[in-house]
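The shown structure was predicted, so the numbers you read here are calculated from the model rather than taken from an experiment.
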Amino acid sequence: MGEVLPRAEKRRRTEGRILDAARSLFAEVGYERATIRAVAGAAGVDPALVMQYFGSKQELFQQAVRVTPADGGEPGADEVVEHVLGTLGVKMGELPQSSLAMLRSMLTHPEAAASARRLLGEQIDRVAGALSGDDARLRASLMTLVMLGVTVGHQLLELDELRGVPPEELARLLRPGLRALAGPETP
């Protein structure tokens with residue numbers, strides 16, 4: 001007979017399936033062409049459930065690109081790095097106009113800068129929480145800002161050196177530096 005899961009665990013697993021489907025779809029077709037219906041289909045759920053969990057396509061996107069190491073036990077440094085790199089395909093894809101507007105404005109507009117600091121601070125907190133050591137927050141900050149730099153170079157500066165490179169190749173080149181920042185593998 002099948003395993004009977006508590007309601008909270010079923011919800012967590014469903015939410016995880018939706019986020020995995022959203023990450024794949026946003027990376028494959030970009031923000032504008034991804035639809036709630038397509039995400040729901042890929043996750044094997046009703047589109048209304050996606051809206052119930054996330055409220056809007058924008059919030060789904062924000063959750064999909066948020067770096068949150070996997071639940072369950074203490075993640076190791078390698079797991080944190082792989083999770084950070086797992087968002088690369090989405091960040092190299094077509095971003096929503098609101099995200100691009102924030103990126104463009106964060107250095108010149110105080111309200112956009114405050115919003116960017118808040119969002120980056122939340123991401124740094126999540127990554128730091130998965131790292132060990134007294135300087136975990138500093139290392140998490142550096143990891144987050146490396147990814148922000150790659151995103152800005154690709155999305156706003158449209159650097160030729162980044163434009164045609166598959167996310168897997170970027171991840172291969174970024175992995176050693178991010179692993180060094182993440183610290184030693186947790187026993």
**Prompt:** By salt bridge (charged side-chain N to carboxylate O under 4.0 Å, His left out), which residues pair with R13, not counting sequence neighbours?
**Reply:** E9
**Prompt:** Quick one: are I18 and E15 in side-chain contact, heavy atoms under 4.5 Å?
**Reply:** no
**Asked** Any chain of hydrophobic side-chain contacts (each under 4.5 Å) joining L85 to V127?
**Response** yes
**Asked** With hydrophobic residues grouped by side-chain heavy-atom distances under 4.5 Å, do V80 and L174 end up in a single group?
**Response** yes
**Message:** Check whether T144 reaches the backbone of A140 with its side chain - one donor and one acceptor, N or O, closer than 3.5 Å.
**Reply:** yes
**Fill in**
By salt bridge (charged side-chain N to carboxylate O under 4.0 Å, His left out), R137 pairs with (sequence neighbours left out) D125
**Message:** Can you tell me how far apart CG (L131) and CD1 (I124) are? Round to the nearest 0.5 Å.
**Reply:** 11.5 Å
**Fill in**
side chain to side chain contact (heavy atoms under 4.5 Å, CB included) filter on R7, not counting sequence neighbours, yields none
For residues 45-57, dump all side-chain donor-acceptor pairs below 3.5 Å to protein atoms at least two apart in sequence or in another chain.
residue, atom, partner, partner atom, Å
D46, OD2, A48, N, 2.8
S56, OG, E59, N, 3.1
K57, NZ, Y31, O, 2.6
K57, NZ, E32, O, 3.4
K57, NZ, A34, O, 2.7

**Request:** Taking side chain to side chain donor-acceptor pair (under 3.5 Å) as the test, write out the residues that go with R117, two or more places apart.
**Result:** none
**Prompt:** So, do V165 and H154 sit near enough that their side-chain heavy atoms are less than 4.5 Å apart?
**Reply:** no
**Prompt:** If you look only at pairs with a residue in residues 158-176, which of them pass as a side chain to side chain donor-acceptor pair (under 3.5 Å), with sequence neighbours excluded?
**Reply:** E82-R175, E169-R172
**Asked** Do L157 and L162 come within less than 4.5 Å of each other through their side chains, counting heavy atoms only?
**Response** no
**Item:** Closest non-hydrogen atom pair between R179 and D78, with its separation
**Value:** NE-OD1, 3.1 Å
**Item:** L148: partners by side chain to side chain contact (heavy atoms under 4.5 Å, CB included), with sequence neighbours left out
**Value:** L103, M106, L120, L145, V152
